[in-house]
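Quick note: residue numbers are just sequence positions, from 1. Quick caveat: nothing in here was measured; it's all calculated off a predicted structure. Any value given below was found using the heavy atoms of this structure, including those in side chains, with hydrogens, waters and symmetry copies removed.
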Amino acid sequence: MKTNFKTKAMLSSVAAILLSAFSPSLWAEEEVNIYSYRKPELIDPMFEAFTKDTGIKVNVVFAKKGMLERLKREGRNTPADLVFTVDIGRLADVKSAGLTQAVESDNLNAAIPSYVRDTENHWFGLTQRARFIVVSKNRVKEGEVLSYEDLAKPSLKGRICTRSGKHAYMVALTAGMMAHHGNEAAEIWLSGVKANLARKPQGNDRGQVKAIKEGECDVAVINHYYMYKMLQDAEQTQWANAVNVIFPNQAGRGTHMNISGMAMTKHAKHPENALKLMKYLASDEIQKMYADLNGEYPVKERVKLSSHLARWGEFKRDTLDLTNIASNRAEAIKMTDRVAYDD
């Protein structure tokens with residue numbers, strides 16, 4: 001009888017331990033859930049480092065598209081604590097849909113420059129992308145193209161290649177021109193760029209560089225990290241080596257910048273862990289790691305650049321508040337239609 005009693009007591013204790021170990025209330029304190037448009041290989045190393053340093057597990061759901069619709073559909077039942085995406089437009093869309101919450105953190109506000117975070121603290125930039133100009137080494141004279149405004153010069157007629165004017169990166173650039181010059185002047189500029197196109201807008205940013213190499217055009221606008229990636233590819237290095245890189249508007253406002261960023265969801269189940277991860281990613285050490293892995297610029301300018309980025313040297317960044325660009329996006333798309341940019 002004693003043996004049976006002891007055995008039952010022991011089994012009860014083991015069962016209690018197992019139940020508590022798998023209790024959602026306990027495990028919930030040790031995880032954070034993310035919906036991400038960023039490819040796993042670009043962000044997993046930072047999450048692994050975070051888990052190693054804090055013991056908090058990071059669960060990531062990667063999606064190529066449909067994140068906004070999924071968050072709307074799930075509502076308060078969403079498991080997502082944070083969203084990670086690229087382009088100011090996508091971050092602004094998630095906020096506008098009422099799917100994010102303000103994050104009050106003196107640490108984040110001090111770490112991340114004001115122009116790359118939401119004025120109401122709903123989203124925060126993590127890395128920056130320069131939208132620079134590439135030109136043929138053989139067919140474009142030094143000093144011929146120095147600014148975005150130069151893209152509308154009559155001397156470039158039939159010499160420019162770009163991707164669709166409605167792509168998020170091109171929309172952001174047009175929205176930036178609107179912020180700096182006003183809508184009327186920006187539309188005249190966009191019409192001028194349209195008149196200078198060598199072909200109908202098509203392909204991705206790497207495709208524009210390839211087109212320059214093959215002689216289809218002489219000038220293109222691309223995000224800098226595509227050049228970074230092409231220089232690591234045996235075939236595409238030939239395309240990259242055919243062009244010179246120009247950081248536009250260095251005598252004025254500086255080069256247009258976009259971001260990758262993060263936001264805490266409105267219905268986050270683990271807000272404390274989510275905030276810990278946000279702060280972690282804003283630290284100097286992880287900013288450098290993030291930028292080195294992705295070939296992007298840290299949002300914190302004091303962070304040392306990788307040798308790959310340092311090859312292009314220091315440059316002046318346009319510090320226009322990205323909320324300004326976000327507010328111009330809808331009109332920028334309409335403007336693209338009015339000038340028949342993609343036709």
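Heavy-atom contacts from other residues, nucleotides or ligands closer than 6.0 Å to CD of Glu214 number more than 12. For CD of Glu41, the number of neighbouring non-hydrogen atoms (other residues, nucleotides, ligands) closer than 6.0 Å is greater than 12. When the shell of 6.0 Å around CD of Gln232 is examined, it contains more than 12 heavy atoms from other residues, nucleotides or ligands. Within a 6.0 Å sphere centred on NZ of Lys300, other residues, nucleotides and ligands contribute more than 12 heavy atoms. At most 12 non-hydrogen atoms from other residues, nucleotides or ligands lie less than 6.0 angstrom from NZ of Lys39.
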Next on the checklist: Using the rule given for side chain to side chain donor-acceptor pair (under 3.5 Å), can you reason through Thr323 versus Asp321, listing the C-alpha separation, both sets of side-chain angles and the distance that settles it, and then say yes or no?
Outcome noted: CA-CA 5 Å; Thr323 56; Asp321 194 318; 2.6 Å; yes

Next on the checklist: Run the side-chain contact (heavy atoms from CB on, under 4.5 Å) test on Ile212 and Gln208 for me, step by step, so that the C-alpha distance in whole Å, both residues' side-chain angles and the decisive distance to 0.1 Å come before the verdict.
Outcome noted: CA-CA 6 Å; Ile212 293 177; Gln208 314 314 315; 5.9 Å; no

Next on the checklist: Would Phe132 and Ile222 count as a side-chain contact (heavy atoms from CB on, under 4.5 Å) here? Give the steps.
Outcome noted: CA-CA 6 Å; Phe132 62 26; Ile222 70 168; 3.6 Å; yes

Next on the checklist: With side-chain contact (heavy atoms from CB on, under 4.5 Å) as the criterion, how do Ile286 and Met289 come out once you've worked through the C-alpha distance, each side chain's angles and the decisive distance to 0.1 Å?
Outcome noted: CA-CA 5 Å; Ile286 303 303; Met289 180 181 181; 4.2 Å; yes

Next on the checklist: Evaluate Val193 against Met170 for side-chain contact (heavy atoms from CB on, under 4.5 Å), listing each step before the verdict.
Outcome noted: CA-CA 12 Å; Val193 179; Met170 290 297 291; 6.0 Å; no

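A distance of 10.0 Å separates CH2 of Trp123 from CD1 of Ile112, quoted to the nearest 0.5 Å. Atom CE of Met278 and atom OG of Ser105 lie 8.0 Å apart (nearest 0.5 Å). Atoms CD and OH, on Glu285 and Tyr280 in that order, are 6.0 Å from each other to the nearest 0.5 Å. Note that the CZ atom of Phe50 and the CD1 atom of Ile56 stand 4.0 Å from one another [nearest 0.5 Å]. The distance from atom CG of Leu82 to atom OG1 of Thr265, rounded to the nearest 0.5 Å, is 7.0 Å. A distance of 7.0 Å separates CG of Leu156 from CG of Leu151, quoted to the nearest 0.5 Å.
For the pair Gly207 and Arg199, the tightest heavy-atom approach, listed with the atom from each and the gap, is O-NH2, 3.8 Å. Of all non-hydrogen atoms in Asn196 and Ala152, the two that sit nearest each other are ND2-C, 3.4 Å. Contact detail for Leu126 and Met262: the closest heavy-atom pair is CD2-CE, 3.6 Å. Taking both residues in full, the closest heavy atoms of Phe124 and Asn121 are given as CE1-O, 3.5 Å, listed atom of the first, atom of the second, then distance. Of all non-hydrogen atoms in Tyr37 and Met67, the two that sit nearest each other are OH-N, 2.9 Å. Closest heavy-atom contact between Val116 and Gln128: CG1-NE2, 3.5 Å.
Counting only heavy atoms from C-beta outward, the side chains of Asn258 and Arg131 never approach each other to under 4.5 Å. Counting heavy atoms from C-beta outward, Glu314 and Trp312 have side chains that stay 4.5 Å or more apart. Side-chain atoms of His180 and Tyr148, non-hydrogen and from C-beta on, never get closer than 4.5 Å to each other. Leu231 is not listed as a side-chain neighbour of His308, based on a closest heavy-atom distance of 4.5 Å or more. No side-chain heavy atom of Leu42 sits less than 4.5 Å from a side-chain heavy atom of Tyr290. Side-chain contact between Ile34 and Phe84 is present, with at least one heavy-atom pair separated by less than 4.5 Å. Side-chain atoms of Asn273 and Asp81, non-hydrogen and from C-beta on, never get closer than 4.5 Å to each other. Using a 4.5 Å heavy-atom threshold, the side chains of Val94 and Thr85 count as separate.
Partner Glu296 forms a salt bridge (Lys or Arg N to Asp or Glu O under 4.0 Å) with one of Lys288, Lys229, Arg129 and no other, that one being Arg129.
When atom types are taken as modelled, the side chain of Asn223 and the backbone of Tyr225 share no donor-acceptor pair closer than 3.5 angstrom. A donor-acceptor pair under 3.5 Å is formed between the side chain of Gln202 and the backbone N or O of Lys200. Side-chain N or O atoms of Asp150 include one that pairs as donor or acceptor with a backbone N or O of Ser147 at under 3.5 Å. Proximity of a side-chain donor or acceptor of Ser136 to a complementary backbone N or O of Val219 within less than 3.5 Å is not detected. Judged purely by atom type and a 3.5 angstrom limit, Lys213 has no side-chain atom pairing as donor or acceptor with the backbone of Gln238. Judged by distance alone, the side chain of Gln250 and the main-chain N or O of Lys316 form a donor-acceptor pair under 3.5 Å. His224 contributes a side-chain N or O that, together with a main-chain N or O of Gly295, makes up a donor-acceptor pair within less than 3.5 Å. Side-chain N or O atoms of Asn328 include none that pairs as donor or acceptor with a backbone N or O of Met178 at under 3.5 Å. Side-chain N or O atoms of Lys269 include one that pairs as donor or acceptor with a backbone N or O of Thr78 at under 3.5 Å. In terms of modelled atom types and a separation under 3.5 Å, the side chain of Arg139 and the main chain of Cys217 share a donor-acceptor contact.
In this structure, Tyr226 and Tyr169 have tilted ring planes: the angle between them lies in the 30° to 60° band.
Scored by the side chain to side chain donor-acceptor pair (under 3.5 Å) test, Tyr35 finds Arg70, Glu74 as partners (sequence neighbours excluded).
Leu108 and Ile88 fall within a single hydrophobic cluster, where Ile, Leu, Val, Met, Phe, Trp and Tyr are joined by side-chain heavy atoms under 4.5 Å apart, directly or via other members. Cluster membership check: Val245 shares its hydrophobic cluster with Phe315, using side-chain heavy-atom separations under 4.5 Å among Ile, Leu, Val, Met, Phe, Trp and Tyr. Under the 4.5 Å side-chain heavy-atom criterion for Ile, Leu, Val, Met, Phe, Trp and Tyr, Trp189 and Ile133 are members of the same hydrophobic cluster. Under a hydrophobic-cluster definition in which Ile, Leu, Val, Met, Phe, Trp and Tyr are linked whenever side-chain heavy atoms come within less than 4.5 Å, directly or via other members, Tyr228 and Met230 are assigned to the same cluster. Grouping the Ile, Leu, Val, Met, Phe, Trp and Tyr side chains by contacts below 4.5 angstrom, directly or via other members, places Met177 with Leu197.
Using a 4.0 Å cut-off between charged nitrogen and carboxylate oxygen, Arg253 and Glu149 count as a salt-bridge pair. Under the 4.0 Å criterion applied to side-chain N and carboxylate O atoms, Glu331 and Arg338 are assigned as salt-bridge partners.
Within the structure, every pair that satisfies the side-chain hydrogen bond (donor to acceptor under 3.5 Å, both in side chains) test and touches residues 95-104, not counting sequence neighbours, is listed here: Lys95-Asp118, Lys95-Glu120, Thr100-His122. Annotation: side-chain hydrogen bond (donor to acceptor under 3.5 Å, both in side chains) contacts involving residues 154-168, sequence neighbours excluded, comprise Glu144-Arg159, Arg159-Asp218, Thr162-Tyr341, Arg163-His167, Arg163-Asp205, Ser164-Asp342, Lys166-Asp337.
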